[in-house]
Structures are given as C-alpha cells and as structure tokens.
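Just follow the structure's listing: the first ligand is 1, and inside any ligand the first atom is 1.
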Amino acid sequence: MVKENKPINDTPEVAGTPLAIELGENEKAMKLVAEILAGKIVDIRPAFDFTSELGFVYPDAEKVLGIETEEVLSVLESLADKGMLKRDFFDKFLRCPQCQSVSLRPTTHCPKCGSGNIGRGRVFEHFPCKFVGLEEEFISRGKYICPKCQQELKTIGTDYQSLGLLRKCHDCDEVFSVPVIKWRCLKCSALTAEDRVSEVKIYSYSLNEAKRGWLEFELEPKSKLTEFLQQRGYEVQENATTKGRSGAEHSIDILATRDDGIVAYNVAIGVAVAEYKVGLEQIFDFDDKAYDIGIHDKVLVVIPGLNKEAEKFAGQQRIRVLEVKDLETVLASSVPLPGEVTREPFEFKSKPQLIEYLQQRSYEVQENATMKGRSGAEHSIDILATRDDGIITHHVAIGVEVVEEPVGLDKVFDFDNKAYDIGILDKVFIAVPGLIKEARQFAQRQRIRVFEVEQLEPSR
Ligand SMILES: [Zn+2]
Ligand SMILES: [Zn+2]
Ligand SMILES: [Zn+2]
C-alpha cells in the first residue's frame with residue numbers, strides 16, 4: 001500500500017538542530033560517554049512511548065543524564081556527528097506536519113474523487129449490461145441479481161466475471177485497486193496527503209569502537225595532563241588554531257605555553273589515534289604542523305601505539321612519544337613543583353643573580369658546560385640550564401658577554417653555531433652593553449632571545 005517513490009527525508013527532523021556540543025566542554029555528553037565506556041550502557045535504544053511528545057524515549061540515557069528526550073537526542077546526535085557513536089536504524093515515524101504529533105491514522109480514498117466513502121470486496125462485471133460492482137451489491141434474497149438490469153447472474157465466465165478483490169467508490173462508482181492514502185492526525189484532526197507527511201527516522205546508538213581509545217584519553221588523562229601542565233606554569237589551550245609560516249592554519253590538540261622570564265616555551269601536544277597502530281603519515285602530519293608554526297617542543301600522545309617506521313621518524317624529529325600508559329606514569333610520578341614564581345620581566349644584573357633566578361625556576365644549572373657537538377667538536381657553553389617538565393625536558397643554552405663595546409655579529413654567530421652543533425634550540429644571549437644592529441637582527445632571525453643591558457649596577 002505504501003508507494004515506493006515518495007520522498008524520503010533522510011535527515012531526521014527532530015535532530016535537525018544539532019547543538020554545538022564540544023566534547024570536553026559538555027558534561028552531559030562526557031557523562032554519557034563515560035557510562036558507555038564503563039560498559040554500564042551498551043546500546044542506547046529507543047522505546048516507544050506514545051504519551052511522549054516525540055513518540056519515543058531513550059530510557060537508559062535519560063536516566064543517566066536526568067534530562068528530557070529532546071535534549072538526550074541532541075547529545076546523541078552530536079556525538080554521532082562527531083563519529084563517536086554509531087547510528088543504527090531503529091524505526092521510522094510519521095509526523096503530522098501541522099502539529100508534529102505522531103498519532104496518525106491512515107485513511108483510504110478514491111483516486112478519482114478523493115472520497116473516503118469506498119468499499120472493498122470481490123468485484124463482478126455483468127456482461128449483458130456492462131455493470132461493474134461489488135459482490136454485496138449483487139446479493140439479493142440469496143441470489144446474485146444485477147442491480148442495474150435486474151437479471152439474475154447465471155454462470156461465472158459466461159454471463160458475468162469476477163475482476164478480483166478491488167475497491168469501489170460509493171460516491172463516483174470508480175473501481176480501482178490501489179486507493180490513495182492520507183493520514184488523519186488524531187491530535188489536531190488535520191488530513192495530510194501521503195507525500196506531505198513528515199518522516200522521522202529514529203536510531204539506536206552504540207559506541208564507535210574505533211574511537212574507544214581516543215575517548216578513553218579524552219575522558220581522563222587529557223584533563224589530568226592539562227592540570228599537570230598548568231601546575232607547571234603552562235597556559236594550556238585545547239584545539240588551538242595557529243597560523244603557520246606557510247600561511248596555513250593549523251589546529252593543535254593541546255598548545256602549552258610558558259614564559260618564565262628567560263625563555264618562552266611553546267609545546268605542541270598532538271593526539272594521534274589509530275585502530276591498530278599510529279603510522280608514519282599521522283606523525284609526519286603532526287611534525288609538519290609543528291614545524292610550520294615554529295614549535296620545536298613536540299609531544300605526541302599515540303593511541304594505541306606507534307609502528308616501527310613512525311617510531312624511527314619520531315626519534316629523528318625529536319618528538320616525545322607517549323602512549324596513554326606512559327602518560328599515566330608521567331602524571332603519577334610528578335616531579336616537585338616549582339615554587340610560585342612572579343612573572344616580572346627578567347633583568348640581568350650578574351651571572352650569580354642569573355643562576356639563582358634559574359634555580360628558583362627549577363632549572364639545573366651548569367656553568368661553562370662542555371658538550372660535544374654533532375660535528376665532533378667540543379663546545380663550551382657559558383650556562384647550560386636544564387629543566388625537566390615531566391613530559392618534556394628543556395635544554396637552554398645561555399651565552400653571556402660582558403664587554404666594553406656593543407657585542408658584534410661574530411660573537412652571536414659563534415654562539416648560535418655552537419648551540420646548533422650541540423642540538424639546543426632554546427637559546428638566550430645576554431649582552432652587556434648591548435648588541436650592534438646586525439647582531440640583533442641575526443639573533444632575531446635565529447630565534448635567540450636577547451637581553452641587552454646597557455650597564456651593570458656597580459656590585460655592592
Ligand atoms: Zn445487468
Ligand atoms: Zn470517487
Ligand atoms: Zn496534527
């Protein structure tokens with residue numbers, strides 16, 4: 001009875017306005033996800049409830065979240081849109097376009113005149129007079145009598161025939177096999193043509209297993225990691241969008257920044273999820289982004305792990321790779337926190353004062369550190385400051401020049417060269433009484449943080 005070619009509304013209307021739910025920001029979605037991950041809810045299945053507004057409810061989810069069906073549906077739809085939940089077709093509802101009620105009753109109508117006054121049954125044709133009618137119209141005192149010519153029907157196949165089970169309109173006498181279906185709303189009484197009635201698909205929802213690892217990370221370790229970083233003086237931005245040198249916009253899962261007065265750190269933390277193992281492509285992508293933005297402190301959380309060639313590449317590119325279990329270990333064995341440090345700009349007064357300043361900020365300080373470079377040459381660095389943040393260790397090379405005349409390009413060039421050969425990317429150069437212009441420009445280009453001091457206070 002249902003025609004094949006009617007328009008099907010593929011986007012469920014009730015879910016037509018997905019709320020902008022950001023996971024991590026939306027407690028309800030997270031709560032629901034947590035219940036699913038914990039196995040407390042397996043399938044979120046709808047149940048029919050014609051006393052409800054929508055005609056169905058999600059009893060489990062509603063109980064967990066303590067909210068109404070419509071809101072639950074928004075949460076479910078947004079999680080499904082993000083690929084965290086899978087939709088499975090459950091049923092299709094028809095809805096009155098006037099009042100949205102699901103209480104509709106089908107009614108049949110004559111295709112010629114639209115009347116609802118139609119009968120159904122065996123239909124006979126009387127050959128002599130050509131009359132066509134329902135069997136019941138021929139029955140008279142236990143015999144078949146033609147209501148048109150009043151003759152008795154004798155033998156089927158000779159003077160009359162049966163056309164089979166059909167319908168006949170009592171208003172216009174049209175005989176037909178397929179009636180027109182219309183829907184009567186039991187709430188507002190509106191009668192709606194079949195192709196005008198709203199269709200709503202309803203779904204049951206279940207976890208997208210491919211996302212389990214990622215969701216498990218989102219749920220617990222991620223917020224702990226954020227907290228861990230904040231305790232270490234980082235400002236943390238989730239899903240940070242940054243423009244790279246190429247002009248392209250990049251999104252970094254977690255961007256942690258900290259300026260301790262001497263060095264400004266930017267740590268890019270990526271999260272890579274794969275069903276089996278994270279491969280080269282994903283890690284390459286992350287490294288590319290970090291490079292374009294100009295970040296050299298790179299941490300990649302891999303779920304569930306990394307394949308061999310990706311591991312090799314990560315090593316070459318100095319990406320700290322953490323599996324969730326590693327991350328949990330790091331978070332649990334947290335090093336003592338640096339004391340609360342005021343964020344006033346650093347001012348160089350003397351080498352001992354600089355060392356104290358660094359030590360207050362949890363750096364290990366080595367004066368006149370000798371290090372072997374990649375070239376094989378030995379280099380001496382005025383101050384080598386090392387700080388282990390738990391998830392990343394920062395090495396800072398500090399060059400100090402206290403001379404009579406502004407420091408020239410050669411000194412800065414030499415310092416930069418040494419740092420490059422040793423493989424240190426965080427570079428600080430302190431110049432008393434300042435730098436010449438070319439040296440300053442060079443330092444800027446090489447991302448060396450420069451402190452220029454015109455003259456030192458006379459030591460007390
Ligand atoms: Zn007849
Ligand atoms: Zn009719
Ligand atoms: Zn209605």
- Note on the structure: Within the 2.8 Å cut-off the protein N, O or S neighbours of the Zn ion (ligand 2) are Cys110 SG, Cys113 SG, Cys169 SG, Cys172 SG
- Task: Evaluate the ring planes of Phe451 and Phe346, with Trp represented by its six-membered ring, and classify them as parallel (under 30°), tilted (30 to 60°) or perpendicular (over 60°).
- Result: perpendicular
- Query: Can Arg440 be said to sit on top of Phe442's aromatic six-ring, NZ or CZ under 6.0 Å from centre and within 45° of the ring axis?
  - Reply: no
- Do Tyr363 and Tyr357 have their ring centres less than 6.0 Å from each other? no
- Do Asp389 and Tyr265 meet the criterion of a side-chain donor-acceptor pair at a distance under 3.5 Å? no
- Message: Would Arg167 pass as a cation-pi partner of Phe176, given that its NZ or CZ must be under 6.0 Å from the six-membered ring centre and within 45 degrees of the axis?
- Response: no
- Query: Are a donor atom and an acceptor atom from the side chains of Asp292 and Ser246 found within less than 3.5 Å of each other?
  - Reply: yes
- Item | Thr51 side chain to Asp49 side chain, donor-acceptor N/O pair below 3.5 angstrom | yes
- Within 45° of the ring axis of Tyr203 and under 6.0 Å from its six-membered ring centre, is that where the NZ or CZ of Arg45 lies? no
- Query: Using the benzene-type ring in the case of Trp, are the ring centres of Tyr205 and Phe90 under 6.0 Å apart?
  - Reply: no
- What closest approach, in Å, do His395 and Ile424 show between heavy atoms, and which atom pair accounts for it? O-CG2, 3.4 Å
- Task: Please list, in chain and residue-number order, the protein N/O/S atoms closer than 2.8 Å to the Zn ion (ligand 1).
- Result: His126 ND1, Cys129 SG, Cys146 SG, Cys149 SG
- Task: Measure the acute angle between the ring planes of Tyr144 and Phe124, then classify it against the limits of 30° and 60° as parallel, tilted or perpendicular.
- Result: perpendicular
- Message: Using a strict threshold of under 4.0 Å (side-chain N to carboxylate O), is an ion pair present between Glu209 and Lys86?
- Response: no
- Message: Give me the number of protein N, O or S atoms whose distance to the Zn ion (ligand 3) is under 2.8 Å.
- Response: 4
- Message: According to salt bridge (Lys or Arg N to Asp or Glu O under 4.0 Å), who are the partners of Glu35, at least two apart in sequence or on a separate chain?
- Response: none
